[in-house]
Amino acid sequence: MKYDYLIAGSGLFGSVFAHEAKKQGKKCLVVDRRNHIGGNIYCEHKDGINIHKYGAHIFHTSNKKVWDYVNQFAEFNNYINSPVANYNGEIYNLPFNMNTFSKMWGISTPQQAEAIINEQKQAITNQPKNLEEQAISLVGTDIYTKLIKGYTEKQWGRKCTELPAFIIKRLPVRYTYDNNYFNDRYQGIPIGGYNKIIEKMLEGIDVELNCDYNICFDKDQKIAEKVIYTGAIDEYFNYQLGHLEYRGLKFETERLEQENYQGVAVMNFTDSKRPYTRIIEHKHFEFGKQPVTYITKEYPQDWKLGEEAYYPVNDDKNQELYVKYKELADKEKNVIFGGRLGEYKYYDMDKVIESALNIVESELD
Ligand code: UDP
């Protein structure tokens with residue numbers, strides 16, 4: 001056979017695997033159905049600004065091994081994500097911290113904030129069983145109503161009572177004046193952009209673009225010993241057990257003839273009326289001083305077959321179906337399923353790298 005590995009998808013999972021396999025003398029072919037490498041971390045470069053074409057990507061991790069790993073491919077800047085929530089023109093700091101509480105209630109001490117939240121969370125007496133109950137028991141009803149409910153229901157197209165609690169646990173709640181959106185030890189944006197990382201990972205590796213694995217190859221292809229598949233798991237099996245649900249996104253990007261549009265990289269719109277969840281002003285990820293700026297409005301969408309799938313919807317119904325697909329996947333002895341779509345998992349970038357490195361270890365070492 002011509003290759004040891006055929007890697008379907010050139011996002012982080014596929015690229016990390018390909019890079020490590022090549023280092024160990026394996027021959028790899030990476031295919032991607034898009035016309036560029038990098039999956040969803042791909043950026044477009046215009047007027048000196050990296051535009052996060054598939055949504056904002058901010059690298060953060062607490063895993064030193066992963067941090068050292070990505071730093072081989074690029075140096076990272078000192079960007080700290082401190083998004084701002086805009087609720088019908090009222091501005092609040094995120095994540096939920098003393099700055100948020102102080103603005104919301106005109107208070108100044110952690111004790112005052114705790115007293116208010118403790119009182120409001122009495123509304124939930126049981127173990128939280130959905131996102132609404134989880135949110136109220138973490139931050140009380142005011143914050144839930146102004147900063148969570150509208151945003152979350154737009155984002156997921158479902159009621160907060162029908163969403164899994166774990167989604168809201170992604171966000172820190174702090175009784176300190178600290179607007180860092182992440183708790184992780186390491187954080188930043190790669191200097192020179194994400195594309196550089198993927199380009200370096202795939203250096204010297206055969207890559208074919210505009211090539212959809214599910215169309216270009218059949219299951220008993222004779223080109224590679226093994227397949228690393230990072231596309232949607234249900235698509236691989238031709239949806240034979242039914243469709244998994246995903247959340248889609250639509251991006252509307254504008255170039256504006258002004259230096260600074262909103263003064264922050266990420267502004268979340270937490271009301272329920274506006275159809276978009278956030279506006280990204282890309283230059284602020286890299287402290288850009290260009291005379292122009294690019295902004296992107298992010299509209300969550302119902303996902304339809306053939307569209308880009310961004311978020312898995314990990315509710316009970318979909319999880320049950322995923323488990324059945326996973327059983328089929330486990331029977332495919334020469335295929336490894338990985339990444340957000342291959343594992344139907346709400347993975348962050350660092351976790352994708354971690355999981356690719358784990359596969360590398362069990363597969364190659
Ligand atoms: N969230 C919210 N209000 C905000 C930001 C986030 O209620 O202003 C909730 C929402 O349910 C969202 C979840 O927190 O789905 C996770 O947000 P995160 O920023 O981690 O989402 P991502 O950046 O992955 O889209």
Side-chain angles (χ1 to χ4, degrees), residues 56-64 66-67 76-88 90-125 127-156 160 163-189 262-271 277-280 284-285 346-351:
H57 282 78
I58 300 139
F59 196 88
H60 56 96
T61 189
S62 291
N63 183 331
K64 181 150 194 320
V66 169
W67 181 244
F76 280 67
N77 73 10
N78 58 340
Y79 176 80
I80 298 287
N81 196 32
S82 308
V84 160
N86 182 325
Y87 177 73
N88 297 321
E90 288 171 36
I91 297 294
Y92 294 94
N93 287 114
L94 292 172
F96 312 121
N97 74 89
M98 281 306 297
N99 291 301
T100 329
F101 307 147
S102 166
K103 178 88 186 257
M104 184 76 66
W105 301 308
I107 50 113
S108 61
T109 69
Q111 291 70 26
Q112 290 170 307
E114 258 173 66
I116 295 174
I117 290 175
N118 281 341
E119 196 200 319
Q120 295 191 357
K121 71 184 193 193
Q122 299 305 319
I124 307 298
T125 47
Q127 184 68 19
K129 54 182 184 310
N130 57 48
L131 196 151
E132 175 172 292
E133 293 182 1
Q134 181 68 67
I136 294 173
S137 57
L138 281 172
V139 286
T141 44
D142 286 346
I143 299 227
Y144 171 67
T145 309
K146 288 191 168 182
L147 303 183
I148 297 177
K149 189 172 192 294
Y151 185 96
T152 300
E153 294 187 347
K154 285 191 288 191
Q155 158 83 29
W156 295 98
C160 286
L163 283 164
F166 84 87
I167 293 176
I168 200 68
K169 288 205 220 145
R170 289 170 57 86
L171 308 193
V173 178
R174 288 190 199 113
Y175 290 88
T176 51
Y177 288 93
D178 177 359
N179 296 327
N180 185 344
Y181 198 63
F182 303 114
N183 280 329
D184 285 322
R185 169 70 180 78
Y186 309 102
Q187 182 172 175
I189 300 284
Q262 63 183 15
V264 67
V266 183
M267 188 173 288
N268 288 0
F269 292 84
T270 58
D271 63 287
T277 44
R278 43 191 173 191
I279 298 183
I280 306 301
H284 295 309
F285 288 125
Y346 193 174
Y347 266 139
D348 288 333
M349 289 183 280
D350 62 325
K351 294 290 185 296

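In this text, all values refer to a predicted model and were calculated from it rather than measured experimentally.
- Of the N and O atoms on the side chains of Asp184 and Thr61, not one donor lies less than 3.5 Å from an acceptor on the other residue.
- Using modelled atom types, no side-chain atom of Thr270 and backbone atom of Tyr151 make a donor-acceptor pair closer than 3.5 Å.
- For the pair Gln262/Val84, no side-chain contact is recorded, criterion being any heavy-atom separation below 4.5 Å from C-beta on.
- For Asn130 against Glu132, the heavy-atom pair with the smallest separation is OD1-N, 3.1 Å.
- With contacts defined as side-chain heavy-atom distances shorter than 4.5 Å, the pair Thr277/Trp156 does not qualify.
- Atom CG of Leu138 sits about 12.5 Å away from atom OH of Tyr144, to the nearest 0.5 Å.
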Next on the checklist: Test side chain to side chain contact (heavy atoms under 4.5 Å, CB included) on Lys121 and Asn118; report intermediate values, then the result.
Outcome noted: CA-CA 5 Å; Lys121 71 184 193 193; Asn118 281 341; 3.4 Å; yes

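- In this structure, the side chain of Lys149 does not engage the main chain of Cys160 through any donor-acceptor pair within 3.5 Å.
- Using a 4.5 Å heavy-atom cutoff, the side chains of Leu163 and Thr152 are in contact.
- Residues Trp67 and Asp350 have side chains not in contact (no heavy-atom distance under 4.5 Å, counting atoms from C-beta outward).
- Summarising the geometry, atom CD belonging to Gln112 is positioned 11.0 Å from atom CH2 belonging to Trp105; distances are rounded to the nearest 0.5 Å.
- Side-chain contact check for His60 versus Asn183: every heavy-atom pair is 4.5 Å or farther apart.
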Checklist entry - What's the verdict on side chain to side chain contact (heavy atoms under 4.5 Å, CB included) for Asn77 and Phe285, showing C-alpha distance, side-chain angles and the deciding distance? => result CA-CA 9 Å; Asn77 73 10; Phe285 288 125; 5.8 Å; no

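- In this structure, the side chain of Lys154 engages the main chain of Phe269 through a donor-acceptor pair within 3.5 Å.
- In this structure, Phe182 CZ and Ser62 OG are separated by 11.0 Å, a value rounded to the nearest 0.5 Å.
- At a threshold of 4.5 Å between non-hydrogen side-chain atoms, the residues Gln134 and Phe166 do not count as touching.
- Atom-to-atom distance recorded for Gln120:CD and Thr141:OG1 is 3.5 Å, nearest 0.5 angstrom.
- Residues Lys103 and Ile91 share a closest heavy-atom pair of NZ-O, 2.7 Å.
- With sequence neighbours excluded, no residue forms a ring-ring contact (aromatic ring centres under 6.0 Å, His included) with His57.
- Remark: Asn268 CG to Leu147 CG distance equals 9.5 Å, nearest 0.5 Å.
- For the side-chain contact (heavy atoms from CB on, under 4.5 Å) with Phe101, the lone residue among Ile116, Asp142, Ile117, Asn93 that qualifies is Ile117.
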Next on the checklist: Tyr79 vs Asn81, test: side chain to side chain contact (heavy atoms under 4.5 Å, CB included). Steps then yes/no.
Outcome noted: CA-CA 6 Å; Tyr79 176 80; Asn81 196 32; 2.7 Å; yes

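- Between Leu171 and Tyr181 the shortest side-chain heavy-atom distance falls below 4.5 Å.
- Counting all heavy atoms, side chain and backbone alike, Ala56 lies closest to Ile280 at CB-CD1, 3.8 Å.
- Side-chain atoms of Tyr186 and Phe59, non-hydrogen and from C-beta on, never get closer than 4.5 Å to each other.
- Between Ile167 and Tyr346, the shortest heavy-atom contact is CG2-CE1, 4.5 Å.
- Note that CG of Asp271 and CG of Asn88 are 4.5 Å apart. Values are rounded to the nearest 0.5 Å.
- The heavy-atom pair separating Ser102 from Ile107 by the smallest distance is OG-O, 3.0 Å.
- When all heavy atoms of Met267 and Asn86 are compared, the closest pair comes out as SD-ND2, 3.6 Å.
- Counting heavy atoms of neighbouring residues, nucleotides and ligands inside a 6.0 Å radius, atom CD of Glu90 exceeds 12 of them.
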Next on the checklist: Go through it in stages, so that I can follow the logic: the residues are Ile148 and Val139, the test is side chain to side chain contact (heavy atoms under 4.5 Å, CB included), and I'd like the CA-CA distance, side-chain angles, deciding distance and then a yes or no.
Outcome noted: CA-CA 10 Å; Ile148 297 177; Val139 286; 3.9 Å; yes

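- Side-chain atoms of Asn180 and Gln187 form a donor-acceptor pair, as typed in the model, at a separation below 3.5 Å.
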